[in-house]
Number of protein chains: 4
Amino acid sequence: MPPKTADQFEEMRVNAKGRIVTAALKLMANNGYHATSIAQIAREAGVSKGLMYNYFSTKEGLLVAIVDQAMATGLEMANHMATLPDPALKIKFIIEFSFQWFTHNAEYARMLLALSLKVGMFPQMQAVVEAKIQGATTFYESLFRDMGYDDPLSEAFLLGATLDGLALQYLSVGDKMGLDKMKQTLIDKYCKPL
Amino acid sequence: MPPKTADQFEEMRVNAKGRIVTAALKLMANNGYHATSIAQIAREAGVSKGLMYNYFSTKEGLLVAIVDQAMATGLEMANHMATLPDPALKIKFIIEFSFQWFTHNAEYARMLLALSLKVGMFPQMQAVVEAKIQGATTFYESLFRDMGYDDPLSEAFLLGATLDGLALQYLSVGDKMGLDKMKQTLIDKYCKPL
Amino acid sequence: MPPKTADQFEEMRVNAKGRIVTAALKLMANNGYHATSIAQIAREAGVSKGLMYNYFSTKEGLLVAIVDQAMATGLEMANHMATLPDPALKIKFIIEFSFQWFTHNAEYARMLLALSLKVGMFPQMQAVVEAKIQGATTFYESLFRDMGYDDPLSEAFLLGATLDGLALQYLSVGDKMGLDKMKQTLIDKYCKPL
Amino acid sequence: MPPKTADQFEEMRVNAKGRIVTAALKLMANNGYHATSIAQIAREAGVSKGLMYNYFSTKEGLLVAIVDQAMATGLEMANHMATLPDPALKIKFIIEFSFQWFTHNAEYARMLLALSLKVGMFPQMQAVVEAKIQGATTFYESLFRDMGYDDPLSEAFLLGATLDGLALQYLSVGDKMGLDKMKQTLIDKYCKPL
DNA sequence: TATGAATGAGCATTCATTCAT
DNA sequence: AATGAATGAATGCTCATTCAT
């Protein structure tokens with residue numbers, strides 16, 4: 001047996017850690033944070049319960065890692081959006097992407113929304129989340145400015161809040177409002193030339 | 001004939017029940033429903049765990065009592081609104097009342113928002129909440145119709161979602177957005193003649 | 001053994017103690033001792049929980065009272081049997097009465113049988129039960145002697161055990177054995193002239 | 001690869017599981033299923049409450065394990081019996097073994113008897129127990145058929161019931177009946193040529 | 001790095017019993 | 001003799017976390 005290189009160990013570590021995060025993400029997205037036990041995650045990841053505590057000191061630590069991973073989704077959206085030619089299309093894309101996302105990742109969205117209400121309890125997360133919102137808002141603002149809005153910052157906040165609120169209502173009472181029509185109304189509102 | 005009078009018993013009941021509800025409200029608002037245990041509530045209320053089950057058959061039953069109490073706030077708003085002369089003023093009042101309410105009852109609002117994300121877990125509550133939302137939406141719709149909006153139902157949903165979303169963001173990251181300005185923007189948007 | 005007078009029955013109905021015992025008997029017979037709560041008994045008897053402790057110092061005390069009452073059933077059988085002309089008919093009657101009783105008072109029988117297995121835990125009851133068995137056995141023995149059996153005492157024990165055993169099996173797995181046929185077999189065995 | 005070897009883990013499991021079953025058996029036999037708490041069993045086994053749920057998913061599961069173990073005793077009897085040359089001897093052996101068993105395993109027998117009265121409450125067990133009884137009865141029937149009885153099935157049931165009934169009486173009031181004589185009477189009854 | 005047996009505090013709920021009146 | 005609010009210990013069960021190896 002040749003001695004393992006530091007690289008190999010590192011790769012294993014990353015592997016196990018990655019498998020754990022992936023498993024936790026999947027389970028928590030489907031069932032929520034409280035309803036997902038460490039034992040389930042370990043089983044899903046094909047790893048022992050004990051090992052999880054080598055990488056994450058608590059269940060909450062795992063949660064933070066998951067939220068980090070969730071940010072990747074935002075990135076994906078941003079990348080695609082960069083290819084679109086004008087601000088109206090970009091906003092249209094944001095709206096459509098949001099609806100698509102929270103309807104197709106309902107439990108995940110539910111978890112993140114619930115989490116955001118407890119954000120004060122997780123100081124580590126607070127900063128990350130705030131930076132994210134800040135970034136998004138600044139970007140939305142620039143879009144609204146390009147479109148010639150009077151108060152692009154307020155519009156940016158409002159659009160963000162409205163999308164969050166729609167997700168919230170969808171997740172609590174389902175599609176009572178006619179989501180497709182709602183989406184169209186929103187697009188009409190924001191993407192027409194002023 | 002009874003060794004304690006009916007009045008005495010009634011007083012005891014009202015007293016104890018009130019203490020329990022108050023304690024439960026305070027704790028659940030601060031920590032959430034799941035993170036609040038029956039034992040904590042009993043301790044805070046200065047009452048034995050067992051007694052709670054004289055008044056509420058389950059933990060969920062206690063929750064329902066609290067939410068019912070919350071509904072009273074909505075009634076208060078509705079009653080005041082009825083005295084206002086025209087739809088634009090009514091909508092203005094709704095917006096102002098909402099901002100006022102979620103900033104001055106932050107922990108309460110946090111609880112209700114978090115709860116709405118778990119509403120599927122509380123079958124007893126689902127129906128009550130949905131009926132309430134339905135009623136409010138219908139009323140908002142009539143206001144927008146009176147104001148001559150093309151699609152008053154969609155506008156009603158949108159306003160509700162936006163207010164929820166603003167509360168959500170306020171509760172998670174605080175007043176990063178300039179709530180007062182936001183409120184004005186919203187009022188301008190909705191209460192001007194078309 | 002005079003029959004109960006109408007006065008005695010009336011008194012029981014009016015009398016709180018009587019109502020409690022009657023209620024306890026009914027509930028425990030239907031649902032068993034453990035599954036019957038003091039609160040249920042009080043409700044059924046139309047009496048407060050507190051009052052029950054004026055008459056019975058514990059739930060077990062109530063149990064003893066019930067078993068006493070159960071003895072009345074045995075008396076009823078004895079009285080009827082006394083009118084029958086010969087030992088074979090008496091034994092036939094005992095057998096038929098037993099089958100009739102444990103099939104029509106299944107939960108009551110279940111409770112008494114279960115109780116007899118715990119008899120050591122209720123010293124008060126032990127003596128009563130033993131006296132009862134002793135009396136019955138002596139009587140059975142005299143019947144078998146009259147019928148000319150070699151070892152009437154053993155036959156008496158055996159018949160008692162067999163009837164208990166049949167009740168036990170009926171109560172645990174139901175009528176897998178064909179109770180009617182079983183009864184006939186038993187009658188043929190014991191009531192034919194030797 | 002594992003840091004404790006599989007063998008080590010296996011040994012721990014067997015050890016702990018055995019201690020739990022032993023403790024549960026002792027306590028339930030003495031006090032009954034309902035009167036024995038998980039906490040008591042854990043204390044008696046020198047194990048934490050939580051650990052019990054590594055091995056038995058519910059209290060009833062533990063019960064099933066105990067009853068399964070009891071079934072082994074029946075097997076022992078069956079195996080020995082198979083070596084006997086003729087049906088009369090086999091029946092004699094069954095009778096002697098039964099007496100031997102319930103007098104020397106009194107508390108165990110008490111538990112199983114009490115349990116059989118509650119079998120409806122344990123759906124898992126119902127089927128197992130019924131299958132076992134069915135098998136035994138069929139076998140007894142074949143013995144009585146070989147001995148030329150008219151109605152071997154009824155005789156099989158009757159013998160089973162009588163043995164159960166004798167155990168019941170022995171366990172509730174002790175050896176008032178002269179068990180040795182009783183055994184002889186029973187053997188005389190069943191094992192003589194017709 | 002990795003295991004999984006073991007822990008123990010915690011959970012919601014039940015119920016026989018007490019007690020001030 | 002009678003009430004029923006109040007108690008508190010107990011129940012079966014869960015699960016994040018620890019630890020010897």
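Naming convention: chains lettered A, B, ... in sequence-line order (proteins, then strands); numbering from 1 in each chain. Only heavy atoms go into these numbers, but all of them, side chains included; no hydrogens, no water, no symmetry mates.
Per the geometry, CZ belonging to R43(A) stands 14 Å off P belonging to dT3(E), to the nearest Å. If you take CZ of R13(B) and P of dA6(F), they are 8 Å apart, rounded to a whole angstrom. For F56(D) and dT14(F), the CZ to C1' distance is 18 Å, given to the nearest whole Å. To the nearest angstrom, P of dG4(E) lies 14 Å from CG of N54(A). Between the NZ atom of K4(D) and the P atom of dT1(E) there is a distance of 18 Å, given to the nearest Å. If you take CE of M52(A) and P of dT1(E), they are 15 Å apart, rounded to a whole angstrom. Following rounding to the nearest Å, M28(A) (CE) and dC15(F) (C1') show an atom-to-atom distance of 13 Å. Rounded to whole Å, the distance from NZ on K17(A) to C1' on dA2(E) is 16 Å.
Within the structure, salt bridge (charged side-chain N to carboxylate O under 4.0 Å, His left out) pairs that include any residue of residues 24-40 of chain A comprise K26(A)-E44(A) (at least two apart or interchain).
Phosphate proximity of dT14(F) to Y53(D): absent, as no side-chain N or O sits under 4.0 Å from OP1 or OP2. OP1 and OP2 of dT1(E) both lie 4.0 Å or more from every side-chain N or O belonging to Y55(A).
Residue V47(C) is the one, among T58(A) and V47(C), whose nearest nucleotide of DNA chain F lies closer to the 5' end (criterion: closest heavy atom). Heavy-atom distances to DNA chain F give each of E60(D) and T36(A) a nearest nucleotide, and the one nearer the 5′ end belongs to E60(D). Annotation: of the two residues near DNA chain E, I38(C) and A35(B), the 5′-most nearest-nucleotide partner is A35(B).
K17(A) forms a cation-pi arrangement with F56(A), by the criterion of a distance under 6.0 Å to the ring centre and an angle within 45° of the ring axis.
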Atom pairs, N/O to N/O, protein against nucleotides 8-10 of chain F, distance under 3.5 Å?
from	atom 1	to	atom 2	distance (Å)
dA10(F)	N6	K49(B)	NZ	3.2

Query raised in the report: Where do N15(D) and R19(D) land on the side-chain contact (heavy atoms from CB on, under 4.5 Å) test, with the steps shown first?
Result: CA-CA 6 Å; N15(D) 188 337; R19(D) 292 226 309 285; 3.1 Å; yes

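Using a 4.5 Å cut-off on side-chain heavy atoms (C-beta onward), Y53(A) and I38(A) make contact.
The two residues I66(C) and A24(C) come nearest to each other via the heavy atoms CD1-CB, 3.6 Å.
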Acceptor/donor pairs from residues 110-117 of chain A side chains to any protein atom, 3.5 angstrom cut, sequence neighbours excluded:
from	atom 1	to	atom 2	distance (Å)
R110(A)	NE	E107(A)	OE1	2.8
R110(A)	NE	E107(A)	OE2	3.1
R110(A)	NH1	L171(A)	O	3.0
R110(A)	NH1	L117(B)	O	2.5
R110(A)	NH2	E107(A)	OE2	3.1
R110(A)	NH2	L171(A)	O	3.4
S116(A)	OG	L113(A)	O	2.6

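Looking only at distances, a side-chain donor or acceptor of K59(B) sits under 3.5 Å from a matching main-chain atom of T36(B).
When both distances must be under 3.5 Å, the Watson-Crick or G-U wobble mate of dA5(F) is dT18(E).
Judged by atom type and distance alone, K59(A) does not reach the base of dA16(F) through any side-chain donor-acceptor pair under 3.5 Å.
Within the nucleic acid shown, A16(D) comes within 4.0 Å of sugar-phosphate atoms alone, with no base atom in reach, counting heavy atoms only.
Closest approach to the Q8(D) side chain among dT21(F), dA6(F), dA2(E) is made by dT21(F) (side chain taken as heavy atoms from C-beta onward).
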